[in-house]
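Here's the structure, in structure tokens; my notes come after.
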Amino acid sequence: MCLGIPAKIVAITDLANSLALAETAGVQRQVSVAMLTLQGKTIESLVGEWVLLHVGFAMALIDQEEADRALGLLAQMDPDSQ
Amino acid sequence: MMMLTSAFRDSSQVTKLITLIQTVADPLADKWGRPLQIMEVCGGHTHAIFKFGLDQLIPKSVEFIHGPGCPVCVLPIEAIDQAVIIAEQPEVIFTSFGDPLRVPGSKKSLLQAKAQGADIRVLYSPLDAIALAKNNPEKQVVFFAIGFDTTMPGIAFSLLTAAQQGINNLRFLCHHIRLMPTLIALLAGEKVQLDGFVGPGHVSMVIGANAYQPITERYRKPLVIAGFEPVDFLQALYQLILQLAQDRCEIENAYARVVTAEGNLSAQRAISTVFDDGVDSQWRGLEMVLGSGVKIKECYQAFDARQLLNSTVLPQSSAEIKDPDYCNAVLMGKLKPDQCPLFRKQCTPENPRGALMVSGEGACAAYYYYKGT
């Protein structure tokens, strides 16, 4: 129940009610994106973004740059130098 | 982005992190004369540890204490009893996430009530309860609102949406828990011996990394927030052990692609609009946890399903019917699930004796499904 899943916003279906179509592993369902509005984005600009879905709500944008940074830091770590 | 998911499952990175963890943890455990005691707060992490076989890879110098972070596991018997009483009312359609259905109440579980004819339906989202209420105006639709801070915003937002739309046949039976008071009760009670926390990724997505400051400042326990892929989890574990080795005590965020310092402000606003917090609450296995519960605000009482209990006397459940004492010991990290004499014998997912075996995220279910025989 507490788990979230990454999904891609593929379309806005109901602008007035902040509903969008999210796709994960080929499955699409309608979700609410209302809780992302404080992150400085218009609802329309969410199309194409990856989000973390939880019980029908997009709760966070997944930050690609942060993901790349984390993987980059890991790549620099060398167990032999510890 | 799916490439990124696979990157966070990359076995070469897993191997590298295991080596790094061992290099730092082994000498520290030698110095301390005992393994490092790490609590993973979230049931999702307990599952990740076993699902990906991390328990086989992590060195013996690190010992996990499975935390109380599965809301279904700490749901009190009274909550199930209330849910059953409401669900059995003829005008009610009772709705819930799937997880709580098999949790035993004092007389029956919701699943047993359903088998006996109650109209109980599993929903993916509380938003679906709004549609159900609209389509069934002659019925009372009740949603079983449980979970930690992750689930609360969705419930709060659904309630606010129903209020805006003038829906008057939807109510919420609220048994939410807030994570921070629960962790503080655990630390203040000195009930568990632990050296640091792997912080829950999705609660943190809502409350933000900064919310954990009392844990480092008042209780001097380091905490590193982790995601749920193997590389995420091991990276957080490595950062945590590095802190212990360097005698640092900080909040670190190893899941920054999802979790920010301040969290989701819209979600926090929805929670504080709908709920009063600081309610002392009784949780299964944890006894009374001061300030951990919430209740629906006075101005939204029309949406509170407790009104449907007004004339009903609750069964005298809690004093007479309890989970086995072993469950409490597992919840407090004093006993590993497979050290319980009932494990795999009298207690299985098909016939659970306690909630830790019922919930898909419970520590006992994780051991049962993934840890072999």
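Just so you know, these numbers use all the heavy atoms, side chains as well, and skip hydrogens, waters and symmetry mates. Throughout, a chain's letter reflects where its sequence line sits, starting with A, and its residues are numbered from 1. Here the structure is a predicted model, which is why all the values come from computation and not from measurement.
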| field | Region of Val206(B) in contact with chain A, defined by heavy-atom distances below 4.5 Å | value | side chain
| said: I'd like to verify something: which residue of Gly44(B), Pro153(B), Gly227(B) has the highest number of heavy-atom pairs under 4.5 Å with chain A? | reply: Pro153(B)
| Considering only heavy atoms, which portion of Asp128(B) lies under 4.5 Å from any heavy atom of chain A: side chain, backbone, both, or neither? | side chain
| task | Decide whether a cation-pi geometry holds between Arg257(B) and Phe8(B); the criteria are a distance under 6.0 Å from NZ or CZ to the six-membered ring centre and an angle within 45° of the ring axis. | result | yes
| query | Which bit of Gln165(B) comes within less than 4.5 Å of chain A, counting heavy atoms only: side chain, backbone, both or neither? | reply | side chain
| Which of parallel (below 30°), tilted (30 to 60°) and perpendicular (above 60°) describes Tyr255(B) and His202(B)? | tilted
| Which atom pair, heavy atoms only, marks the closest approach of His54(A) to Thr150(B)? | CD2-O, 3.3 Å
| task | Check the angle between the aromatic planes of Phe233(B) and His45(B) and answer parallel, tilted or perpendicular using the 30° and 60° thresholds. | result | tilted
| message | I need the residue from Gln164(B), Lys16(B), Gln22(B), Met205(B) with the largest number of non-hydrogen atom pairs under 4.5 Å to chain A. | response | Lys16(B)
| query | What is the minimum heavy-atom distance between Ala60(A) and Val258(B), and which atoms define it? | reply | CB-O, 3.6 Å
| said: Restricting to non-hydrogen atoms, name the atom on Ala79(B) and the atom on Phe144(B) that form the minimum distance, rounded to 0.1 Å. | reply: O-CZ, 3.8 Å
| said: Please classify the contact of Val231(B) with chain A as side chain, backbone, both or neither, using a heavy-atom distance under 4.5 Å. | reply: side chain
| field | Part of Leu17(B) within contact of chain A (heavy atom distance under 4.5 Å) | value | side chain
